[in-house]
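Starting from 1, each residue takes its place in the sequence as its number. All values reported here derive from a predicted model rather than from experimental measurement.
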Amino acid sequence: MFLIDCKQASIYSTQNEYLCHAAVSRIEEDSVTLTMGGLDNDLLPSKVHVTFFDSVKGLITYSCDLLDFRPAEHLSGQGHVCARCVINEQLALVQRRRDIKVPVNISVVLSARTSKGEVSNVLATIWNISAGGILFTCSHPFNEGDVVEFAFPADSGLPSVTLQAEILRIQDRSSLLQLVSSTAGESQLLGFGCYFVHLPAQTEAQIRNYVFRQDLIRRRRMS
């Protein structure tokens, strides 16, 4: 089957212009049902490119045909329409959201186990996140192999449970300037790339969903 676990998609013209968001249901061997809201189906072309957000396979773009437009009965009165989306040719694949990093600006407080002992109450800023890890800056000189602990703020949209991440690399200055804001980059803050360790499956799924939502917002803005 061309999709495994997919509930959302973005629809583009064949010239890759963003058209709308869609909910995915009824995944069959060569087609799915797409539900779209707040638009006139006469404005949608029959031939489109659709990027599906599959939690197992990743971001997959297909050329598709939209057929059999009809009102979405379960969302009557809300201007939603359904269409059968027939899958044609695969155009692109970005494997799993672990490969996708999205920019963020989230303040956290770190504690850590280091070779020199325990450290606590380190103020840090997370600048990007993927399902596999984070990039953060702070003033403390951590080393590769140190394990930091932190919790995302409750209003961040991410799971507010204690997470652990091992420092994989210390970001060199030139790369750091390209990745973070100019204010942070011009300061004496240090940058660290980390990967999550001991990550529960449910928490990983929540992070993947967050990365998906942020990537979807970013793609809409770029279209």
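Smallest separation of non-hydrogen atoms from Glu144 and Arg169: OE2-CA, 3.9 Å. Of all the heavy atoms in Ser31 and Arg84, the pair that sits closest is OG-NE, 3.6 Å. In terms of heavy atoms, Ala165 sits closest to Phe150 at CB-CE2, 4.3 Å. When all heavy atoms are compared, the tightest approach of Cys20 to Met36 is SG-CG, 3.9 Å. Scanning both residues, Leu189 and Ser139, for their nearest heavy atoms gives CD2-N, 3.8 Å. Smallest separation of non-hydrogen atoms from Val102 and Val211: CG1-O, 3.8 Å.
Between the Asp65 side chain and the Val86 main chain, no donor and acceptor come within less than 3.5 Å of each other. At distances below 3.5 Å, not a single donor-acceptor pair connects side-chain atoms of Asp146 with backbone N or O atoms of Ile167.
Transitive grouping of hydrophobic side chains (ILVMFWY, heavy atoms separated by less than 4.5 Å) keeps Ile134 and Tyr195 in distinct clusters. Taken together through direct or relayed side-chain contacts under 4.5 Å among Ile, Leu, Val, Met, Phe, Trp and Tyr, Val119 and Val197 form parts of separate hydrophobic clusters.
For the side chain to side chain donor-acceptor pair (under 3.5 Å) criterion with His49, the lone passing option out of Asn16, Thr14, Asn88 is Asn16.
A side-chain N or O of Thr61 and one of Thr51 form a donor-acceptor pair less than 3.5 Å apart.
Separation of atoms CG (Leu34) and OG (Ser25) is listed at 7.5 Å; rounding is to 0.5 Å.
Counting heavy atoms from C-beta outward, Phe142 and Phe136 have side chains that approach closer than 4.5 Å. When side chains are defined from C-beta on, Pro71 does not count as touching Val81, because their heavy atoms never get closer than 4.5 Å. At least one side-chain heavy atom of Phe52 sits under 4.5 Å from a side-chain heavy atom of Cys85.
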Please report, to 0.1 Å, the donor-acceptor pairs under 3.5 Å made by any side chain of residues 156-163, with sequence neighbours excluded.
unit_1	atom_1	unit_2	atom_2	d
Ser156	OG	Pro153	O	2.8
Ser156	OG	Leu158	N	3.2

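Counting side-chain heavy-atom gaps under 4.5 Å among Ile, Leu, Val, Met, Phe, Trp and Tyr, Leu91 is found in no cluster with other residues.
Taking Glu149 as the reference, Arg113 meet the salt bridge (charged side-chain N to carboxylate O under 4.0 Å, His left out) condition, with sequence neighbours excluded.
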